[in-house]
Every structure is written in C-alpha cells, then in structure tokens.
Amino acid sequence: FLYRRSFLFSRSTTTRNDPEQARTIDKIEKDVASSSPIKKNKRLTLRDVPKLTKELTQTERPNDALVAAQNLYELCDVGHKHNREPLVASGKYDVLGPLTACLIPPKNSITSSTTKNANGRTDIETEEAKLHFVCLTLNNLSIPHDNKRVMVLERGSRKLIGNLCKVVSG
C-alpha cells in the first residue's frame with residue numbers, strides 16, 4: 001500500500017506532465033548512490049540506525065539528510081528483510097518518528113528552488129528525492145504483520161497516517 005502510494009506520488013503526481021522532472025529524480029537517485037558518505041564497502045547495520053535517524057532530520061544539511069534516507073532504505077530493502085521487524089516492532093529503534101517528520105518538511109527548510117548546491121541539485125530536488133526514499137522506507141517497514149500493527153495502532157500512528165494522507169493528496 002505505501003509503496004504504491006509513494007510510487008504514485010513520486011512518479012505520477014509530480015512528473016505526470018513533466019518527463020524532465022522524472023529524469024531529474026532518476027539522476028538524483030544515481031548521484032546519491034555515488035556520493036554516499038558511508039563507503040560502499042562498509043555494510044550498514046542496525047547499529048548505524050541512531051546516527052542515520054539523527055542525520056535524516058537535519059535541515060541545515062539537506063544532502064546529508066538525503067543520504068541518510070537512502071541508507072535507511074537500504075537497511076530494509078529486499079536484501080535486508082530481516083531488519084524490518086527489529087526496526088519497528090521491537091521498539092529498540094525510533095525510526096517511525098523521524099520518517100514521519102520527514103514526510104512534511106518544515107516551512108523554512110527549503111531555501112532555494114533555483115540555486116544549485118555542491119552536488120548540482122536544488123533544495124527542492126533534494127527534498128523530493130529524500131521524500132521518495134522516506135516513502136520507500138515506510139513501505140518496506142510496513143510489510144511484516146507486526147509492524148503494520150505498530151504503525152497503525154501504536155507509537156505516533158495518528159501523525160504518521162495524517163502525514164501520509166497529506167503527501168498523497170498534495
């Protein structure tokens with residue numbers, strides 16, 4: 001469910017009439033993959049989660065937040081299914097709070113829509129790419145049954161569902 005919505009948001013809603021923007025999102029994903037601060041030979045582990053969630057909520061360094069969003073996604077992708085339940089249902093890691101907060105960026109976090117940063121992306125492009133990875137991560141984390149219960153009935157569920165509705169409608 002969440003993947004379908006995030007896919008629709010990231011590809012259809014924002015790029016329906018603008019194929020150039022679709023290419024931009026694809027370019028951002030490739031750029032982020034090549035500029036990750038965590039070296040490619042280092043495997044991400046659950047021990048990296050507190051650092052990644054802290055970086056995810058950084059508004060003064062949007063590129064670091066984008067890389068953190070991508071790394072969190074990689075921690076729960078198809079090759080790391082075993083990490084999904086410990087990340088949410090165990091209660092040991094607070095990933096839902098930071099991911100929920102990232103669905104709706106603070107009003108003053110986007111400083112420029114035309115000025116390119118050091119990686120050649122505008123703040124808006126960076127924020128859209130981060131939102132894309134956040135939605136993909138939430139989708140993956142919602143797959144195990146126990147995680148669904150936590151996400152819908154427990155910690156921060158109202159805010160999560162409310163922010164997801166805002167993303168889908170907006």
Side-chain angles (χ1 to χ4, degrees), residues 1-11 22-105 109 117-123 125-152 154-157 159-160 163-164 167:
F1 170 74
L2 289 175
Y3 175 76
R4 192 171 126 235
R5 294 293 187 189
S6 68
F7 180 79
L8 288 174
F9 173 77
S10 66
R11 298 290 186 219
R23 284 190 293 273
T24 302
I25 291 174
D26 292 335
K27 180 184 177 295
I28 289 170
E29 289 174 357
K30 289 176 187 171
D31 290 347
V32 169
S34 66
S35 67
S36 176
I38 295 180
K39 294 182 175 33
K40 290 297 173 188
N41 58 3
K42 181 185 181 218
R43 293 187 59 189
L44 293 169
T45 65
L46 292 177
R47 282 182 249 146
D48 297 317
V49 171
K51 179 182 177 220
L52 293 173
T53 55
K54 184 178 179 182
E55 288 176 3
L56 184 66
T57 56
Q58 297 279 338
T59 55
E60 53 279 346
R61 294 186 314 216
N63 288 325
D64 290 350
L66 174 57
V67 171
Q70 182 194 20
N71 288 333
L72 278 173
Y73 166 71
E74 289 174 4
L75 262 177
C76 64
D77 65 4
V78 174
H80 300 91
K81 289 180 183 180
H82 58 278
N83 288 338
R84 293 175 182 172
E85 280 195 54
L87 281 169
V88 177
S90 72
K92 184 176 180 182
Y93 304 99
D94 180 25
V95 293
L96 293 180
L99 289 170
T100 299
C102 289
L103 290 171
I104 308 296
S109 69
N117 57 27
N119 291 334
R121 293 185 290 270
T122 64
D123 288 346
E125 291 171 337
T126 302
E127 193 62 40
E128 285 179 355
K130 181 174 116 180
L131 178 62
H132 177 75
F133 283 116
V134 166
C135 289
L136 289 173
T137 302
L138 285 168
N139 173 64
N140 285 347
L141 292 176
S142 71
I143 293 172
H145 183 70
D146 287 344
N147 286 2
K148 283 181 180 68
R149 181 183 46 76
V150 171
M151 294 172 87
V152 174
E154 294 183 19
R155 302 182 300 261
S157 61
K159 189 168 185 164
L160 173 62
N163 285 358
L164 282 169
V167 168

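Worth saying up front: this structure is predicted, and the values here are computed from it rather than measured.
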> Would you say His145 has more than 12 foreign heavy atoms packed within less than 6.0 Å of its NE2?
Replying inline: no
>> For the backbone of Leu87 and the side chain of Ser90, can you confirm whether one donor and one acceptor N or O come within less than 3.5 Å of each other?
In response: no
>> Please report the interatomic distance CG(Leu44) to CG(Leu75), rounded to the nearest 0.5 Å.
In response: 5.0 Å
>> Rounded at 0.5 Å granularity, tell me how far CG in Asn71 sits from NZ in Lys51.
In response: 8.5 Å
>> Just to verify, what does Asp146 make a side chain to side chain donor-acceptor pair (under 3.5 Å) with, not counting sequence neighbours?
In response: none
>> If I take atom CG from residue Leu138 and atom CG from residue Leu99, how far apart are they, to the nearest 0.5 angstrom?
In response: 5.0 Å
> Looking at residues at least two apart in the chain, or sitting in another chain, which of them share a side chain to side chain contact (heavy atoms under 4.5 Å, CB included) with Lys148?
Replying inline: none
>> Among residues at least two apart in sequence or on other chains, which ones pass side chain to side chain contact (heavy atoms under 4.5 Å, CB included) with Ala68?
In response: Leu52, Glu55, Leu56
> Going through the distances and angles, do Ser157 and Val150 end up as a side-chain contact (heavy atoms from CB on, under 4.5 Å)?
Replying inline: CA-CA 8 Å; Ser157 61; Val150 171; over 6 Å; no
> Thr137 and Ala69: which non-hydrogen atoms are nearest, and at how many Å?
Replying inline: OG1-O, 4.0 Å
> Of the non-hydrogen atoms in Arg43 and His80, which two are nearest, and what is the gap between them?
Replying inline: NH2-NE2, 4.4 Å
> What is the distance from atom CG of Leu141 to atom CG of Leu96, rounded to the nearest 0.5 Å?
Replying inline: 7.0 Å
> Which residues pass the side chain to side chain contact (heavy atoms under 4.5 Å, CB included) test with Thr53, sequence neighbours left out?
Replying inline: Val49, Leu72, Val95, Pro98
> Where is the tightest heavy-atom contact between Thr122 and Glu125, given as atom of each residue plus distance?
Replying inline: N-OE1, 3.0 Å
> Sequence neighbours excluded, which residues qualify as side chain to side chain contact (heavy atoms under 4.5 Å, CB included) partners of Ile143?
Replying inline: Arg84, Asn140
> Under the side chain to side chain donor-acceptor pair (under 3.5 Å) test, which residues partner Gln58, sequence neighbours left out?
Replying inline: none
> For the atom pair OH (Tyr73) and CD (Gln70), what is the distance rounded to the nearest 0.5 Å?
Replying inline: 9.5 Å
>> For the SG atom of Cys102 and the CG atom of Asn163, what is their distance to the nearest 0.5 Å?
In response: 10.0 Å
> Can you check whether Ser142's main-chain N or O pairs, donor with acceptor, with Asn147's side chain at less than 3.5 Å?
Replying inline: no
>> Any heavy-atom pair between the side chains of Pro62 and Lys130 that's under 4.5 Å?
In response: no
